[in-house]
There are 2 protein chains.
Amino acid sequence: MIKYAKESRFIQAVDCIVFGFDGETLKILLIQRGFEPEKGKWSLMGGFVKAGEDFDQASNRILKQLTGLDGMYLEQLNTFSHPQRDPMERTISTAYFALIDINKYKIQLSDDYHPEWFSLKRMPKLIFDHQQMVELALRRIRYKAALHPILFELLPNRFTIPQLQNLYESVYNTTIDKRNFSKRVLATGLLIKQEEKDKSGSKRGAYYYHLNMQKYYAKFQAFLNFIPNPTNLIF
Amino acid sequence: MIKYAKESRFIQAVDCIVFGFDGETLKILLIQRGFEPEKGKWSLMGGFVKAGEDFDQASNRILKQLTGLDGMYLEQLNTFSHPQRDPMERTISTAYFALIDINKYKIQLSDDYHPEWFSLKRMPKLIFDHQQMVELALRRIRYKAALHPILFELLPNRFTIPQLQNLYESVYNTTIDKRNFSKRVLATGLLIKQEEKDKSGSKRGAYYYHLNMQKYYAKFQAFLNFIPNPTNLIF
DNA sequence: TATTTAAGTGTTCTTTTTACAATTATAAAA
DNA sequence: TTTTATAATTGTAAAAAGAACACTTAAATA
């Protein structure tokens, strides 16, 4: 059923920037491209959109296929349309970003396509315009996380306040006073203190917290302000 | 030169949501679609992407062609990919939004395609998923204008503080105390007071201001916070 | 000259943000 | 058993920002 007969048609891809956190630093998941051009080079998780699926479906399918990952936070970022961005043939790419807890998915990852986690600072060169996509995604999550509690998507079910602070410091590449930080996060009412402690990081141990999911969903759309002095961030 | 031989190919459109301000309320520009399906129905300014152009070029070209408008603020919003969004043939659409001063472009608009301005509250039904696009665009500019001075793109070169306040109140569908509002906007240092007054709106007249363009560009990336009580907005 | 209308402007109180350091729990070492 | 080392936890005071609130002024028109 082709009706707009005279119009050009394009190959449509999706590329996914997967951010992960292991309790220490923010990491990004990369894969070695399995076909030409640039076969074997490091790349984002990408693939072509099929005839019957929308892009959300496509990005979920491709992530599942390449990494085994399923059901994580996934959001459309931007569409990249430079005519020569893929030297083989013009390909439009819509980028998505995902946020996951690295440890939660550790087992699933040991798969056919062996994707690997890279610290943002020690990342290999990427193919095409993928580097640009990563930079835009990083800016987007910084922007969004300054207002919404999305970074909890990167944490396990139970986490400690020092871990949470590590995460924020890692995302914003800054340091935050821990007294003020814990005051702020506790003031949101999003955290429920547990009795158990995490003793892996210190002798004393740090209390675990759960997210109050009801408040989390309720507050997600509210404007928050987690980051002190966003103007003075060390970018 | 077709190399990814087995992949599906799609028609790619861009649709532009053009917001305008006339000193009173926020308006949106619509056009009657010139071809089937839905010929004659109200629609966003849209068109198909051509083989050699990227989407920014396409959206500029289409806006120029349908409205005569050129060189305005234009930003990519989101890509809409539902397989049945266009009943004629599957068409991917990337939405852009534009911000302009209505009066500045008044003359150019009286053209072949006679686009018309509609107040957001008295808007006709739109074709396809264009209504969704408008809603997303509105959310985006509210979001963005709470942090960045983008709304100045909707104002003429010189404007008064009451006009500026009208604009903010119109975008956020709220009311703001005028003492606090003028304190805030003047505190940004973005405004330069002129000697002349605008006497069209009152007997006393209101002083004109210019944007300090240097500070405007410098502060654009900084986080601002113009809107009091963003949590309590009347959406 | 009086009236009308919107523009312009200051202060106080409250809330939020920031700066800053001592104490505590616990494991490991002595 | 005691000491030591390490990270977790907690409070206060000062500064800045935000919110509430009403009168005076300029200028056209009656």
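Letters A, B, ... are given to chains in the order of the sequence lines, protein chains preceding strands, and every chain is numbered from 1.
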query: What are the two closest non-hydrogen atoms of A:Phe97 and A:Ala137, and how far apart are they?
result: CB-CB, 4.3 Å
- line: B:Tyr143 and A:Leu147 have their tightest heavy-atom pair at OH-CD1, 3.2 Å
Can you figure out which of [options] approaches the side chain of [X] most closely?
X: A:Lys203; options: C:dA7, D:dA28, C:dA27; value: C:dA27
X: A:Asp177; options: C:dT9, C:dC20, D:dT9; value: C:dC20
X: B:Lys197; options: D:dA22, D:dG11, D:dA27; value: D:dA27
X: B:Asn180; options: C:dG8, D:dA8, C:dG10; value: C:dG10

Please report, rounded to the nearest Å, how far the [atom2] atom of [N] is from the [atom1] atom of [X].
X: B:Gln165; N: C:dA6; atom1: CD; atom2: C1'; answer: 12 Å
X: A:Lys193; N: D:dA8; atom1: NZ; atom2: C1'; answer: 10 Å
X: A:Ile176; N: C:dT18; atom1: CD1; atom2: P; answer: 10 Å
X: B:Gln163; N: C:dG8; atom1: CD; atom2: C1'; answer: 16 Å
X: A:Tyr208; N: D:dA7; atom1: OH; atom2: P; answer: 17 Å
X: B:Tyr207; N: D:dA27; atom1: OH; atom2: P; answer: 7 Å
X: A:Arg179; N: C:dA22; atom1: CZ; atom2: C1'; answer: 9 Å
X: B:Phe159; N: C:dA7; atom1: CZ; atom2: C1'; answer: 16 Å

field: Non-hydrogen side-chain atoms of A:Phe80 and A:Gln132 separated by less than 4.5 Å
entry: yes
query: DNA chain C: A:Lys199 or A:Lys178, which has the more 5' nearest nucleotide?
result: A:Lys178
field: Partner of B:Tyr96 under side-chain hydrogen bond (donor to acceptor under 3.5 Å, both in side chains), chosen from B:Asp15, B:Asn78, B:Asp56
entry: B:Asp56
query: Would you say A:Arg184 reaches C:dT18's phosphate, i.e. side-chain N/O to OP1/OP2 under 4.0 Å?
result: yes
message: Is there, by distance only and without an angle test, a donor paired with an acceptor across the side chain of B:Lys183 and the base of C:dT11 below 3.5 Å?
response: yes
message: Looking at B:Arg204 and D:dA26, is any side-chain donor or acceptor paired with a base atom of the opposite kind under 3.5 Å?
response: no
- request: Could you check whether B:Thr160 gets within reach of a base, just the sugar-phosphate, or nothing at all, counting any heavy atom under 4.0 Å?
  value: nothing
field: Donor-acceptor under 3.5 Å (A:His210 side chain, A:Ile192 main chain)
entry: no
